[in-house]
Amino acid sequence: ARYRNGRVSLRLASDRVDVQQLRVEDEQGNPLELTGSLGTHEMRVGDLRVAMNARQFRVLNNEYGQLDIDARLNVEGEFESPRLTGRIAVSGGTLSVDRILDRTLFQPYATQEATLPELDPIVALNPWSRMGLGIELNVPGTLRLVGENVQVTPGTPLGLGDINLRVIGDLYLYKDPSDPLYVNGSFDSVSGTY
């Protein structure tokens with residue numbers, strides 16, 4: 001998705017960087033706002049506190065679909081091992097299941113030989129493995145899943161056909177640092193045409 005009207009207000013102190021306001025708008029003018037602080041001491045970063053709020057904010061707008069969310073998220077803890085918590089609700093959207101499956105199942109990687117880039121030490125410190133997570137994902141019937149001739153295996157006549165579905169449910173995503181991601185919950189209601 002494309003964003004505009006980005007504004008940031010920072011306050012710098014000897015032991016802290018405060019983000020008094022960071023605001024960005026999507027193409028419809030819906031804002032994402034962020035406030036927070038990062039502790040600093042002798043060229044090291046430490047205590048991290050960030051709060052983010054968004055309402056009907058577009059996070060996806062391409063050939064795979066459109067997705068708008070309401071979000072209330074917090075990042076807290078040490079910079080080296082933060083914890084992301086909060087709630088995300090899908091406020092509207094349509095996902096093109098046929099295109100997503102085609103890209104992920106049938107074209108997942110390039111088939112040409114590639115040269116390996118030199119290892120970047122910053123990339124080697126994978127932030128995902130150091131992060132904790134506790135997110136509630138709510139889908140209150142505002143998400144449509146669409147697709148034409150949806151296939152799950154290439155080159156066979158077997159498939160799901162055409163779909164136009166709405167899903168309703170709640171998922172909870174949980175993860176401790178260095179642990180795998182656990183997903184609990186369910187989509188309790190699926191309605192539409194198949």
Side-chain angles (χ1 to χ4, degrees), residues 1-62 64-93 95 100 103-104 116-140 142-143 169-185:
R2 291 179 172 255
Y3 304 109
R4 62 183 183 189
N5 298 333
R7 293 189 303 269
V8 65
S9 173
L10 299 174
R11 185 173 154 264
L12 305 174
S14 60
D15 64 343
R16 181 162 301 283
V17 175
D18 287 317
V19 178
Q20 294 174 324
Q21 181 188 40
L22 185 149
R23 180 185 168 103
V24 65
E25 296 175 356
D26 64 14
E27 291 176 332
Q28 289 76 35
N30 299 315
L32 176 138
E33 296 176 324
L34 184 140
T35 59
S37 64
L38 177 63
T40 60
H41 182 68
E42 296 179 358
M43 301 297 288
R44 300 188 70 183
V45 291
D47 186 40
L48 175 67
R49 302 220 182 280
V50 175
M52 185 197 78
N53 292 303
R55 182 125 176 96
Q56 295 181 344
F57 190 74
R58 180 144 300 163
V59 293
L60 177 68
N61 189 24
N62 61 23
Y64 302 113
Q66 294 180 338
L67 189 63
D68 299 337
I69 64 165
D70 295 339
R72 195 173 211 69
L73 300 172
N74 295 300
V75 180
E76 297 179 335
E78 293 297 312
F79 180 77
E80 293 84 15
S81 183
R83 182 156 197 85
L84 174 64
T85 59
R87 184 173 193 272
I88 299 173
V90 176
S91 58
L95 296 180
I100 293 169
R103 177 69 177 129
T104 57
L116 293 175
E118 289 190 33
L119 184 61
D120 183 348
I122 301 300
V123 173
L125 299 172
N126 183 350
W128 177 255
S129 66
R130 295 180 286 122
M131 177 182 280
L133 194 69
I135 301 287
E136 177 188 342
L137 176 63
N138 174 252
V139 183
T142 54
L143 178 63
D170 293 293
L171 298 177
Y172 185 72
L173 295 84
Y174 182 83
K175 172 188 176 312
D176 281 328
S178 301
D179 282 350
L181 175 67
Y182 296 97
V183 180
N184 294 320

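Not measured: the values here are computed from a predicted model. The figures that follow rest on heavy atoms only: side chains count, while hydrogens, waters and symmetry mates do not.
For Tyr172, the ring pair (Phe, Tyr, Trp, His ring centres under 6.0 Å) criterion is met by no residue, not counting sequence neighbours. Remark: Leu34 engages Val19, Leu22, Val50, Met52 in a side-chain contact (heavy atoms from CB on, under 4.5 Å) (not counting sequence neighbours).
When the options Gln20, Arg49, Arg16 are evaluated for a side chain to side chain donor-acceptor pair (under 3.5 Å) with Ser37, the one that passes is Arg16.
For the atom pair CG (Asp179) and CG (Leu133), the distance works out to 12.0 Å, reported to the nearest 0.5 Å. Rounding to the nearest 0.5 angstrom, the gap separating the CG atom in Leu84 from the NZ atom in Lys175 is 10.5 Å. Here the straight-line distance linking atom CD of Glu78 with atom CG of Asp47 works out to 6.0 Å at 0.5 Å rounding. Rounding to the nearest 0.5 Å places CG of Asp176 at 11.0 Å from CG of Leu181. The distance from the CG atom of Asp170 to the CG atom of Asn138 is 4.5 Å, given to the nearest 0.5 Å.
Side-chain N or O atoms of Asn53 include none that pairs as donor or acceptor with a backbone N or O of Arg72 at under 3.5 Å. Remark: the backbone N or O of Pro177 is not paired with any side-chain donor or acceptor of Arg130 at under 3.5 angstrom. In terms of modelled atom types and a separation under 3.5 Å, the side chain of Ser9 and the main chain of Gln21 share no donor-acceptor contact. Listed for the Asn30 side chain is a donor-acceptor partner under 3.5 Å among the backbone atoms of Gln56.
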Exercise for review: Evaluate side-chain contact (heavy atoms from CB on, under 4.5 Å) for Leu143 paired with Leu67, printing each intermediate quantity in order.
Suggested key: CA-CA 8 Å; Leu143 178 63; Leu67 189 63; 3.8 Å; yes
Point to revise | Criterion side-chain contact (heavy atoms from CB on, under 4.5 Å) on Thr40 and Phe79, from CA distance to verdict | key: CA-CA 10 Å; Thr40 60; Phe79 180 77; over 6 Å; no
Exercise for review: Kindly indicate, with the supporting measurements, whether the criterion side-chain contact (heavy atoms from CB on, under 4.5 Å) is fulfilled by Tyr174 and Asn184.
Suggested key: CA-CA 8 Å; Tyr174 182 83; Asn184 294 320; 5.8 Å; no
Practice item. Apply side-chain contact (heavy atoms from CB on, under 4.5 Å) to the pair Leu60 and Leu95, showing each step before the final yes or no. Key: CA-CA 9 Å; Leu60 177 68; Leu95 296 180; 3.7 Å; yes
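The two residues Glu27 and Arg4 make their nearest non-hydrogen contact at O-NH2, 3.2 Å. The two atoms that bring Tyr3 and Val59 nearest to each other are OH-CA, 3.6 Å, heavy atoms only. The shortest heavy-atom contact between Gly185 and Leu171 is C-CD2, 3.7 Å.
Taking 4.5 Å as the limit, some side-chain heavy atom of Ser91 sits within range of a side-chain heavy atom of Asp68. Proximity of Thr85 to Glu136: side-chain heavy atoms (C-beta onward) are nowhere separated by under 4.5 Å. Counting only heavy atoms from C-beta outward, the side chains of Arg58 and Gln28 approach each other to under 4.5 Å.
Salt bridge present: Glu33 and Arg23 bring a charged side-chain N and a carboxylate O closer than 4.0 Å.
Enclosure of atom CZ in Arg11 is not indicated, since only 12 or fewer non-hydrogen atoms of other residues, nucleotides or ligands lie within 6.0 angstrom.
Side chain to side chain, Glu25 and Asn5 meet the donor-acceptor criterion of an N or O pair below 3.5 Å.
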